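Working notes, beginning with the structure itself.
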Amino acid sequence: MNYEDIKSPIELKRLDISELRGVADYLRSRIISAVQVSGGHLSSNLGTVELTVALHYVFDCPHDKIIFDVGHQSYAHKILTGRGDKFDKLRKNDGISGFPKPDESEYDAFCAGHASTSLSVALGFAEAAKAKGEDMRAVAVIGDGALTGGMAYEAMNCIGSSRLPVMIVLNDNDMSISRNVGAMSNYLTRLRVSKKYARIKNEIKRAVETIPLFGDGALHLLDKGKKFFKRFVLSNKIFESMGISYYGPFDGHNIKELVEVFSRAKHYDKPVLVHVVTDKGHGLSSAAGDPEHSHGIAAIDAGNEKSFSKIFGDFLSDAAKQDDSIMAVTAAMAIGTGLEGFSKTFPDKFRDVGIAEEHAVTYCAALAAAGMKPYFGVYSTFLQRGFDQLVHDVGIGGYPVKLCIDRAGAIGSDGVTHQGLFDLSYLSLIPNMTVMCPTDGNELKSMLEFSLDFDKPLAIRYPKTYDVEREHENVVFGKWEYILSEKSDVYVLCVGGRALNVAERAATIEKQRNERKHVRFNIINARFVKPLDTELLQSINKSGNIIITVEDNSVRGGFGESVLSYLNGIGKKASVGIMAFPDEFIDNRDVADSFVQAGITSEKLIELVKKLD
């Protein structure tokens, strides 16, 4: 059979169950070939191929709702739901998103990109179906890594008390992005390694393979298996105590077994959790052998830019050799934030709290209150989840927590859910918070050195990479530096290396014009977003001067609006222009094109200068 002809789950359901293995093999090969070119989440998607095939074979989507937690395991789902022809342009502007997007397909029930949300979403759909009198099943596919997030337990508490037919499919692969941590991980491990589980699972496998699909013998054995686990394995009965019936663990790569289990659980009229065990990276030896480093891979044309993450990790490792009070904290992102080496060199000074940014922020506040020096390595988009804790637990107390914020600004291929375009805005709102932005690795080192003895909350914010290395003045609290000083009435205030590149290219373009009257620029590295360098601002706030701010942040509440607000407060005399991302969600999957679409380019900067002149 030509599996490329499957354009929807309806066509999948026409196949005999014996043909589903071929479908899974086809999907796995498509995922591998596409991701190796376009980049993307590899190991997580390879681990859920059979699971996805079984779900679509049993449930009736899009009427039934399959909600993928995080969404970086949804590639097989996308191919099966009519997007196979665009899959080779995965995570491209003219292709498909790497995450579920309802405006892309009716089969994507809900937009996803952050962990631990699927259970709340599934309950919401189930409640709505009840209110409308609809017979609909909501299925949440959540990984054991996402169960380290507190939001999942808030939802489970409500699901259990609701008594609604919500199905939770626990995809247990012993991983989130980094290796899982915590009590729940240990609990699930005990379930996986039980010899009693292995014996009963083999009995189930043999039964399902040798008797009719919905035969009484298979159902009897499955029921026997449930009682077996309840009696001998689930001594703590975590899920049952919440009012959620538990079934499993089952082999997440045995399609026949999964179809049998889902077919039975589909007809339950109460909450049920089906525990399936999968191998992250299944079917590709390199990914299965190293699922952490194969979680997300770069496109083949990603380039050789320098890594801010590595600078951060290397500096902290060196500093920790001299200072026993330093601790590094991450939320399941040791590799992505550059802390993998630190974790191996200083295991007693490193803490991975799992996918629990809220906890991480408050935990760091307590460490700081007790005299330690906590550094929280976190992506910009994920730090959003800890905003209340930043205000309540860090800001009010003024505790010297150091936030090292990676993947800030336009993020590119991961799209709308991962953009780091709001951190300057929400961090600047918090009293006691200092916000810094390095332009390159040398400056990040200087800022980290400055941070060691800084006794207030501090955020250092940077994108994934940089390309130009510069020499810089020493970091002085609240002071900016001149990068280019000319006899000119034009002042360009740049936040970060990307903005600085725009201004420097504009200056070069104008210098190369063989015109008598070209634009001259004073280019300033606004390394402190908060506090502003008010002394410098006062000195250039003169009639006839032009001040333009450039940043890779949303215009609302960003650096430019802070500068304008300050100047209005003291009596604005200069003409002011702001270059920033618009007040909207950005789904551009190419960083360079994001800047073009937002009008943050050298050419637009020159035009703005001439317009304000």
Side-chain angles (χ1 to χ4, degrees), residues 39 70-72 91 97-99 111-115 177 296 298 302 305 307-309 311-312 330-333 335-338 355 357 360-361 376-387 390 402-430 433 435-440 444 447 458-466 494-502 526-527 529-530 550-561 579-595 597-598 600:
V70 186
H72 55 43
R91 309 198 316 157
S97 169
F99 296 88
C111 183
H114 291 183
I177 295 174
E305 296 176 307
S307 168
F308 274 116
S309 310
I311 296 293
F312 165 55
T330 186
M333 295 297 294
I335 295 173
T337 58
I355 303 175
E357 291 83 3
V361 172
F376 181 24
V378 60
Y379 285 12
S380 172
T381 183
F382 300 137
L383 184 60
Q384 293 167 184
R385 314 187 85 180
F387 179 71
L390 288 171
K402 310 308 191 306
L403 305 168
C404 295
I405 306 170
D406 209 319
R407 304 318 198 263
I411 199 67
S413 55
D414 278 340
V416 64
T417 57
H418 283 58
Q419 301 288 1
L421 297 172
F422 307 105
D423 49 43
L424 295 184
S425 302
Y426 67 75
L427 289 168
S428 295
L429 288 173
I430 304 172
M433 183 65 72
V435 184
M436 306 172 73
C437 299
T439 57
D440 52 52
L444 176 57
M447 290 181 175
L458 173 64
I460 304 176
R461 176 255 204 198
Y462 42 86
K464 180 180 180 179
T465 60
Y466 63 98
C494 302
V495 175
R498 290 170 168 175
L500 192 55
N501 288 343
V502 168
R527 46 170 53 164
V529 170
K530 186 180 182 182
V550 187
E551 63 191 294
D552 56 344
N553 189 81
S554 173
V555 66
R556 294 298 178 207
F559 173 71
E561 287 198 346
M579 298 183 72
F581 280 84
D583 180 25
E584 59 190 50
F585 289 109
I586 306 298
D587 192 28
N588 200 310
R589 298 162 203 165
D590 180 272
V591 171
D593 192 58
S594 292
F595 278 78
Q597 292 299 315
I600 309 174

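Since we're looking at a predicted model, the values are computed, not measured.
- Under the 4.5 Å side-chain criterion, counting only non-hydrogen atoms from C-beta, Leu383 is in contact with Val361.
- In this structure a side-chain-to-backbone donor-acceptor pair under 3.5 Å is missing from Gln597 to Asp593.
- Residues Pro438 and Ile460 approach most closely at CD-CG2, 3.9 Å, considering heavy atoms.
- Not counting sequence neighbours, the partners of Arg527 by the salt bridge (charged side-chain N to carboxylate O under 4.0 Å, His left out) test are Glu443, Glu481.
- Take Asp587 and apply the salt bridge (charged side-chain N to carboxylate O under 4.0 Å, His left out) test, not counting sequence neighbours, and it matches Lys101, Arg589.
- Rounded to the nearest 0.5 angstrom, Asp440 CG and Leu500 CG are separated by 8.5 Å.
- Phe595 CZ to Asn501 CG: the interatomic distance, rounded to the nearest 0.5 Å, is 9.0 Å.
- Between Tyr466 and Ser307, every side-chain heavy-atom pair lies at or beyond the 4.5 Å cut-off.
- Taking CD1 of Ile600 as the reference point, atom CG of Asn553 lies at 9.5 Å (rounded to 0.5 Å).
- The backbone N or O of Ala499 sits nowhere less than 3.5 Å from a side-chain atom of Glu551 that would complete a donor-acceptor pair.
- Annotation: the span from Phe559 atom CZ to Glu561 atom CD amounts to 12.5 Å, rounded to 0.5 Å.
- The main-chain N or O of Ile586 is found under 3.5 Å from a side-chain atom of Gln419 such that the two form a donor-acceptor pair.
- Side-chain contact between Val550 and Val495: absent, with no pair of heavy atoms (C-beta onward) separated by less than 4.5 Å.
- Side-chain contact between Thr337 and Phe376: absent, with no pair of heavy atoms (C-beta onward) separated by less than 4.5 Å.
- One finds the SG atom of Cys437 at 8.0 Å from the CG atom of Asp552 (value rounded to the nearest 0.5 Å).
- Using modelled atom types, one side-chain atom of Arg407 and one backbone atom of Gly336 make a donor-acceptor pair closer than 3.5 Å.
- Across all their heavy atoms, Phe308 and Thr465 have their closest contact at CE1-O, 3.6 Å.
- Using modelled atom types, no side-chain atom of Lys402 and backbone atom of Leu458 make a donor-acceptor pair closer than 3.5 Å.
- The minimum heavy-atom distance linking Lys530 with Ile430 is given by the pair NZ-O, 2.8 Å.
- Using a 4.0 Å cut-off between charged side-chain N and carboxylate O, Asp406 and Lys464 make no salt bridge.
- Looking only at side-chain heavy atoms (C-beta outward), Val378 and Met333 stay at 4.5 Å or farther from each other.
- Listed by chain and number, the residues in a salt bridge (charged side-chain N to carboxylate O under 4.0 Å, His left out) with Asp423 are Arg461 (sequence neighbours excluded).
- Distance alone, capped at 3.5 Å, places no donor-acceptor pair between the Ser554 side chain and the Asp583 backbone.
- Between Phe312 atom CZ and Ile405 atom CD1 the span is 10.5 Å, to the nearest 0.5 Å.
- Closest of all the heavy-atom pairs between Phe581 and Ser594 is CE2-O, 3.5 Å.
- At least one donor-acceptor pair closer than 3.5 Å links the side chain of Thr381 to the backbone N or O of Thr417.
- Using the six-membered ring where Trp is involved, Phe585 and Phe422 have ring planes that are perpendicular, over 60° apart on the 30 and 60° scheme.
- Counting all heavy atoms, side chain and backbone alike, Ala112 lies closest to Phe99 at O-CB, 3.4 Å.
- The aromatic rings of His418 and His114 lie perpendicular to each other, with more than 60° between the two planes, well past the 30° mark.
- For the residue pair Tyr426 and Phe387, the shortest heavy atom distance occurs at O-CE1, 3.5 Å.
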